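Protein chains get the first letters and strands the later ones, always in sequence-line order, with residue 1 at the start of each. Computed from a prediction, not measured in an experiment: that's the story for all the values here.
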Amino acid sequence: MQIPQLEPWPDTAEEAEAVQDRLRPRVELSGPTSFALVAGLDVHYHGTGSGGEELTAAVVVLDAATLDVVEQVAVRGKAAFPYVPGLFAFRELPALAEALGRLTVTPDLLVCDGYGLAHPRGFGLACHVGVLTGLPALGVGKTPFVGAHEPPAPERGAWTPIVHDGAVVGRALRTQRGVKPVYVSQGHRVSLDTVTEQVLRLSPRYRLPEPVRRADHLARHPVP
DNA sequence: GCGACAG
DNA sequence: ATCTTGTCGC
């Protein structure tokens with residue numbers, strides 16, 4: 001698929017935050033409610049410990065109806081920014097963009113490993129990827145980040161709102177009975193209800209949605 | 001002011 | 001994210 005040119009990459013936290021603030025108004029909070037092709041995005045780090053620079057970015061496209069793999073791409077690269085909570089996207093975006101660019105099909109929804117609107121400046125990785133590609137995107141986090149929430153009921157499908165600065169920015173969603181919830185939020189061109197519905201539908205068996213699990217596996221075990 | 005802080 | 005064994009459960 002075709003992806004827009006990445007702008008000059010920020011060198012400092014101040015520049016990165018300015019980019020987020022400038023792109024933030026481009027986020028759209030409504031859009032399609034069904035999707036034929038769904039892509040999972042993930043990055044695996046390998047190299048120098050906590051200062052690890054080497055990474056592998058993976059994108060796996062699934063048929064949303066059957067959850068069969070349609071196409072997968074893995075690319076090696078380097079982290080493009082130091083790890084700073086809230087500026088996470090600047091680490092992996094270049095590598096993810098290159099992987100997306102090598103796809104021969106265009107996904108209808110991007111499922112990102114991280115947050116979207118539930119972010120200190122309301123512009124997490126899922127928003128950033130969505131705005132850059134113009135595609136609907138959502139974020140799935142494994143641990144709480146910003147905001148407050150109550151634990152959802154133990155049954156699959158139960159959820160509670162995540163409230164930050166007086167606004168609902170996401171949901172803690174139970175994808176499997178008795179298993180820790182995941183934290184979902186809008187990225188781009190999707191409603192929060194659609195985000196919830198899609199993540200639940202894409203997680204028939206495990207805690208994390210199938211596209212993200214597939215991408216995680218590919219990033220860890222690329223086929224040379 | 002201090003601590004906490006997606007991956 | 002990663003460093004790491006065994007253990008419990010399906």
Side-chain angles (χ1 to χ4, degrees), chain A residues 10 13-14 16-17 19-20 23-24 27 40-60 74-97 99 110-132 137-149 154 156 162-165 168-173 175-188 192 195 199 203-209 211-222:
Chain A
E14 291 69 29
E17 290 180 7
V19 171
Q20 291 180 329
L23 296 181
R24 167 81 182 78
V27 169
L41 286 61
D42 193 26
V43 170
H44 179 244
Y45 293 86
H46 45 85
T48 318
S50 60
E53 287 287 336
E54 304 280 316
L55 57 76
T56 298
V59 178
V60 179
V75 304
R76 291 201 54 163
K78 295 190 109 188
F81 205 81
Y83 172 66
V84 180
L87 300 178
F88 176 60
F90 293 92
R91 277 175 84 63
E92 1 191 284
L93 219 40
L96 286 173
L110 304 179
V111 181
C112 304
D113 183 22
Y115 283 95
L117 223 58
H119 173 277
R121 278 169 301 283
F123 197 77
L125 173 68
C127 297
H128 210 143
V129 174
V131 167
L132 287 187
L138 63 85
V140 182
K142 296 182 284 293
T143 62
F145 187 25
V146 296
H149 66 88
R156 169 177 150 85
I162 299 174
V163 179
H164 180 60
D165 287 341
V168 174
V169 295
R171 287 173 181 169
L173 172 65
T175 54
Q176 298 297 326
R177 168 157 193 87
V179 173
K180 284 193 302 179
V182 295
Y183 306 88
V184 304
S185 55
Q186 290 155 279
H188 186 52
L192 188 49
V195 166
V199 170
S203 313
R205 169 93 213 259
Y206 301 103
R207 181 189 178 219
L208 293 176
V212 170
R213 295 187 66 250
R214 296 280 193 164
D216 180 82
H217 184 90
L218 176 60
R220 289 174 189 271
H221 312 289

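dA6(B) atom P lies 13 Å from atom CZ of R91(A), rounded to whole Å. Taking atom CG of residue L96(A) and atom P of nucleotide dG7(B), one finds them 14 Å apart after rounding to whole Å. We find that CZ of F90(A) is positioned 17 Å from C1' of dC5(B), with the value rounded to whole Å. Rounded to a whole Å, the CZ atom of F88(A) is 3 Å from the C1' atom of dG7(B). Rounded to an integer number of Å, the gap from L208(A) CG to dA6(B) P is 16 Å. Between the NZ atom of K180(A) and the P atom of dA6(B) there is a distance of 13 Å, rounded to whole Å. F145(A) has its CZ atom 10 Å from the P atom of dC5(B), to the nearest Å. Atom OH of Y115(A) and atom P of dA6(B) are 8 Å apart (whole Å).
K142(A) has no side-chain polar atom (N or O) that falls below the 4.0 Å cut-off from OP1 or OP2 of dA6(B). Y183(A) has no side-chain polar atom (N or O) that falls below the 4.0 Å cut-off from OP1 or OP2 of dA6(B). For the pair H44(A) and dT2(C), the criterion of a side-chain N or O lying under 4.0 Å from OP1 or OP2 is met. Taking side-chain N and O atoms only, T143(A) has no distance below 4.0 Å to OP1 or OP2 of dC5(B).
Along DNA chain C, the nucleotide nearest to D113(A) and the one nearest to R205(A) differ in position, and the one closer to the 5' end is contacted by D113(A).
Listed nucleotides dT2(C), dG7(B), dA6(B) differ in distance to H119(A); the shortest reach to its side chain belongs to dA6(B).
When heavy atoms are screened at a 4.0 angstrom cut-off, R220(A) is found touching the sugar-phosphate backbone but no base atom. Residue contacts shown for P144(A) are limited to sugar-phosphate atoms, with no base heavy atom under 4.0 Å away. Among the atoms of the strands shown, base atoms are found under 4.0 Å from some heavy atom of G86(A). L87(A) comes within 4.0 angstrom of a nucleotide base, judged by non-hydrogen atoms across all strands. At a threshold of 4.0 angstrom between heavy atoms, the contacts of L55(A) with the nucleic acid are absent.
An aromatic stacking contact links Y83(A) with the base of dG7(B), defined here by ring centres under 5.5 Å apart and ring planes under 30° from parallel.
When side chains are defined from C-beta on, V146(A) does not count as touching Y115(A), because their heavy atoms never get closer than 4.5 Å. Side-chain contact between E92(A) and H128(A): absent, with no pair of heavy atoms (C-beta onward) separated by less than 4.5 Å.
Between F81(A) and F90(A), the ring-plane angle classifies as tilted under the 30° and 60° cut-offs. Note: F145(A) and H119(A) have perpendicular aromatic rings, judged against thresholds of 30 and 60 degrees for the angle between ring planes.
A salt bridge links D113(A) with K142(A): the distance from a Lys NZ or Arg NE/NH1/NH2 to an Asp or Glu carboxylate oxygen falls below 4.0 Å.
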